Structures are given as C-alpha cells and as structure tokens.
Student: 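Encoded as structure tokens, here's the structure I'll be asking about.
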Amino acid sequence: MKRSTVNAIISEGDAFIRSFGYVMPPFAYWTPEDMKARRGTSAGVFNSRLGWDITDYGQGKFDELGLFLFTVRNGRFEDMKKGAGMLYAEKIMITRKDQLSPMHRHVIKAEDIINRGGGKLVLELFMPDAEGGIDPKAEVSVPVDGTIRKLPAGGLLKLDPGESVTLLPGVWHAFWAEGKDVLIGEVSTVNDDLTDNIFRDPIGRFSDIEEDEAPLHLLVSDYERWVG
Ligand SMILES: [Fe+2]
C-alpha cells in the first residue's frame with residue numbers, strides 16, 4: 001500500500017471516529033519526529049505497540065480486504081502469566097462497508113467486539129475442532145451482551161450499534177460492515193499482533209508500505225524501522 005493512501009485513510013478515519021464523539025489520545029497525533037524524540041520518555045507506547053495500524057493484510061486491496069485499527073492501551077504478557085496486573089487491551093477500529101477482515105482466531109486473546117455506531121457489523125463464526133482448525137459442523141455458541149446466541153457453523157451474527165459479542169480464544173471469526181461503515185470497539189485481554197493471529201488463509205497481518213510521500217503518523221509496524 002502506498003504511504004499516501006495510508007495517510008489519507010488515517011485522516012478520513014480520524015474524522016469518522018470524531019464524528020461519534022470518541023477522541024483519540026494525544027500520542028495519536030505525534031509526528032514521526034515527535035515519536036523519535038519520545039522514544040525514551042514514552043517507552044510504553046512503543047513497547048506495548050500502541051497506535052495506528054492500517055492493514056491490507058499484505059494483499060494490496062484495502063477496500064476489499066483490510067481494517068483500520070488504533071491500539072489505545074495494551075497490557076503486559078508477563079502479567080497474564082501471573083494472573084494479576086495489566087491484563088487488558090483496548091482498540092478502536094473501522095471496518096468499511098463490505099470490507100472483509102479475514103477468517104482468523106486467537107490462541108491467547110479473548111475479545112469483546114463492539115459495534116459502537118454506523119451500519120450493521122456482520123461476523124461469520126465457526127467453532128474450533130480438536131486441533132484448533134475450523135469445525136465445519138459444530139454449532140456456534142457465543143455470548144452477545146450476556147445472552148448466549150446459537151448459530152449454525154459459519155452462521156452470520158449481525159450486531160446493531162450498541163451490541164457486542166464475546167469471542168473466546170479459538171473461536172474463528174471474519175467480519176465486515178453492512179449498509180454503512182462501522183466504528184468498532186475492542187476490549188480484550190493482552191494483545192500480541194506479532195504472534196496471536198492465526199489466519200485460515202496464508203496472508204500477512206501488516207501492510208507492505210511503498211514510500212511515495214512522508215508519513216503523517218507512523219504505524220505500529222513502522223516503529224522498529226523508523227524509531228528503533
Ligand atoms: Fe480477532
């Protein structure tokens with residue numbers, strides 16, 4: 001994906017998020033130079049991989065296959081092992097109308113996926129089989145705001161604004177927006193996007209960036225190369 005496209009998606013996404021009254025934290029607006037200057041004093045941003053994450057899953061067709069994410073907070077994996085401490089994470093995301101986030105599951109992370117406004121959020125769901133793969137037959141059973149919803153394997157769960165679903169580790173899910181773009185909230189246990197996304201199809205997790213202009217803001221996947 002071209003950097004100019006990423007910059008435009010960030011600007012449009014920021015306006016969309018603000019239109020719902022959600023305001024991003026100040027570090028969202030740091031320039032790449034600010035980020036370099038704050039590497040030492042704001043280590044938590046970098047170590048917890050907070051910030052912008054515009055992904056086309058490495059496939060170069062963002063409008064059809066992609067997701068806008070911003071990690072607002074993220075806990076510590078060591079605390080998960082201890083069973084006490086900062087065990088939680090939060091993201092704000094935008095899935096565009098008919099833009100697919102591809103079928104995947106998590107090994108560690110439990111997540112609530114919340115429709116925070118816009119169109120309908122549609123999730124395609126499968127339970128895992130004994131090896132963790134997709135069970136093509138098992139009935140899907142997931143809590144929607146505390147009430148169990150049962151669906152056939154591969155059934156579509158449609159969430160209206162305000163509704164949310166809890167996805168425990170192992171549950172396979174793909175999602176997209178129907179009717180209008182959707183602002184999604186994610187509240188989860190500690191998030192590690194480097195290791196905890198298992199995709200059904202062989203795709204990447206981050207975008208390959210073609211540098212055709214200067215970055216407005218760095219992506220999480222830029223930190224290592226740009227900031228160190
Ligand atoms: Fe997920």
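Note that ligands are numbered from 1 as they come in the structure, with each ligand's atoms numbered from 1 the same way. Along the sequence shown, residues are numbered consecutively beginning with 1. This is a predicted model, so every value here is computed, not measured.
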Student: If you draw a sphere of radius 2.8 Å around the Fe ion (ligand 1), how many protein N/O/S atoms end up strictly inside it?
Tutor: 4
Student: Do Glu90 and Arg73 meet the salt-bridge criterion of a basic N to acidic O distance under 4.0 Å?
Tutor: yes
Student: So, Asn7 side chain and Pro215 main chain: donor-acceptor pair closer than 3.5 Å or not?
Tutor: no
Student: Do NZ/NE/NH1/NH2 and the carboxylate oxygens of Asp196 and Lys109 come within less than 4.0 Å?
Tutor: no
Student: Do Trp52 side-chain atoms and Ala28 backbone N/O form a donor-acceptor pair below 3.5 Å?
Tutor: yes
Student: Quick one: do Glu211 and Arg225 make a salt bridge, cutoff under 4.0 Å?
Tutor: yes
Student: Does the plane of the ring in Phe175 sit parallel, tilted or perpendicular to the ring in His173? Use 30° and 60° as the thresholds.
Tutor: parallel
